[in-house]
Amino acid sequence: MYYNLKRKIIELIKILYPDIDLDILKSYENFTITLSKKILKKNESYLNREFIIYNLHRQEAELVNSLIVCLARHIDFCNCGETKKSSPEFVELYKKILHVALNNNMLDYEQLRNSNDYHSQKRLQEVLSSYWSSNSDNEENVILEIYNCFKIKDILKSQGFRYNISYGSWELEVPRNQFTDFQDSLKKLDDKIIIKSRNYNKIVFVVDCLIEVVGKSFKYKDQLKANKYYFSNGKWIKKIKGYQFLEEKEKIESIIPKGLGIKININFQ
């Protein structure tokens, strides 16, 4: 994941600065990305060319936005020898980079616009307020994503589909104008499969984690088992994607009443 994330950020830099001096480009490309297991009030930090991303249970668009915040601080540092999130230079860089990333379909505008980060961050609201899409759906190809398709996975493999471990889907790059034809033919193989698409340039940023239910929950073991939890080392465990944590936590809280001393944890692998 680290390699793919950095590769996408470098692609974004080259889109932003197509005619940049080679030495400056090398400086912009000189950064590392760290995915922290910590849950903090802040979502990201930047220090010594390191992008540190926290709160990995957030939605994908929120995580990508954190990368963009770090990139803006990094370029600001490269340009000025220092960076401050309150400076006008940083704010303008952040807005420019986010708008370019959105126009190149690197993250989902609607997901970001409806996210918890958007509703809690005034600056994100401000930089999105002036956004206007100038390049929506102009890519020639899309990524076809197939879910719930175990019965036909061998057929998909023979047709060139590859498994995406981040999404848990089988996927194939197809021409945008042929998407419907592919969808119809695959549905004939198994009408229970789930078919989605994403833009070719989208930054894939999905983190695996474990949700853990700790405490005296034996009375609710049947409900937990029905929701695909298993018992190990004194706790009920289920493997999920980070962005599913809050939804899954609410589900468990609806099953097990408050006041029983139950703790629900997230553990990033």
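Quick note: residue numbers are just sequence positions, from 1.
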Exercise for the section: Verify, without hydrogens or angle tests, whether K151 (side chain) and L189 (backbone) share a donor-acceptor contact under 3.5 angstrom. Expected result: no

Handout entry: Neighbour count >12 (heavy atoms, 6.0 Å) for atom NZ, K187
Key = yes

Problem - Flag for Y46-E44: side-chain donor and acceptor within less than 3.5 Å - result: no

Practice task
For the residue pair L128 and L102, establish whether any side-chain heavy-atom pair is separated by less than 4.5 Å.
Solution key: yes

Problem - Over-ring placement of K84 relative to F90, 6.0 Å and 45° cut-offs - result: no

Exercise for the section: Answer yes or no: is there a side-chain heavy-atom contact under 4.5 Å between I15 and M106? Expected result: yes

Handout entry: Contact list for residues 165-188, test ring pair (Phe, Tyr, Trp, His ring centres under 6.0 Å), sequence neighbours left out
Key = Y163-W170

Problem - I194 backbone acceptor or donor facing N148 side chain under 3.5 Å - result: no

Handout entry: Any donor-acceptor pair under 3.5 Å from K6 side chain to T32 backbone
Key = no

Practice task
Please say whether the positively charged group of K8, taken as NZ for Lys or CZ for Arg, lies over the ring of Y200, i.e. under 6.0 angstrom from the six-membered ring centre and within 45 degrees of the axis.
Solution key: yes

Problem - Main-chain N/O of A61 paired with Q111 side-chain donor or acceptor, under 3.5 Å - result: yes

Practice task
Consider only side-chain heavy atoms of I, L, V, M, F, W and Y, link residues closer than 4.5 Å, and tell whether I211 and Y243 are in one cluster.
Solution key: no

Problem - Matching residue for H99 among Y131, W132, Y94 - test: ring-ring contact (aromatic ring centres under 6.0 Å, His included) - result: Y131

Exercise for the section: Verify the distance criterion only: is there a donor paired with an acceptor across the side chains of R49 and S27 at less than 3.5 Å? Expected result: yes

Problem - Whether over 12 other heavy atoms sit under 6.0 Å from K238 NZ - result: yes

Exercise for the section: Please tell me if the side chains of L112 and L124 come closer than 4.5 Å, counting only heavy atoms from C-beta onward. Expected result: yes

Exercise for the section: Determine whether K241 and D208 make a side-chain contact, defined as any pair of heavy atoms from C-beta on separated by less than 4.5 Å. Expected result: yes

Problem - Mutual orientation of the aromatic rings belonging to H74 and Y28 [parallel < 30°, tilted 30-60°, perpendicular > 60°] - result: perpendicular

Exercise for the section: Please check if L98 and Y17 belong to a single hydrophobic cluster, counting links between Ile, Leu, Val, Met, Phe, Trp and Tyr side chain heavy atoms closer than 4.5 Å. Expected result: yes

Practice task
Would you confirm whether Q125, through its side chain, and Y118, through its main-chain N or O, come within 3.5 Å as a donor-acceptor pair?
Solution key: yes

Exercise for the section: Report, as yes or no, whether the 6.0 Å neighbourhood of atom CG on N48 holds more than 12 heavy atoms from other residues, nucleotides or ligands. Expected result: no

Exercise for the section: Ignoring hydrogens and angles, tell me if any N or O in the side chain of S217 forms a donor-acceptor pair with the backbone of Y220 under 3.5 Å. Expected result: no

Exercise for the section: State whether the side chain of E145 and the backbone N or O of R198 hold a donor-acceptor pair below 3.5 Å, judged by distance alone. Expected result: no

Handout entry: E248 with K251: basic N within carboxylate O range, under 4.0 Å
Key = yes

Handout entry: Residue from N43, L35, I39 passing side-chain contact (heavy atoms from CB on, under 4.5 Å) with L56
Key = L35

Problem - Check: I237 main-chain N/O paired with E212 side-chain donor or acceptor under 3.5 Å - result: no

Handout entry: Donor-acceptor contact present, side-chain Q223 to main-chain I255, <3.5 Å
Key = no

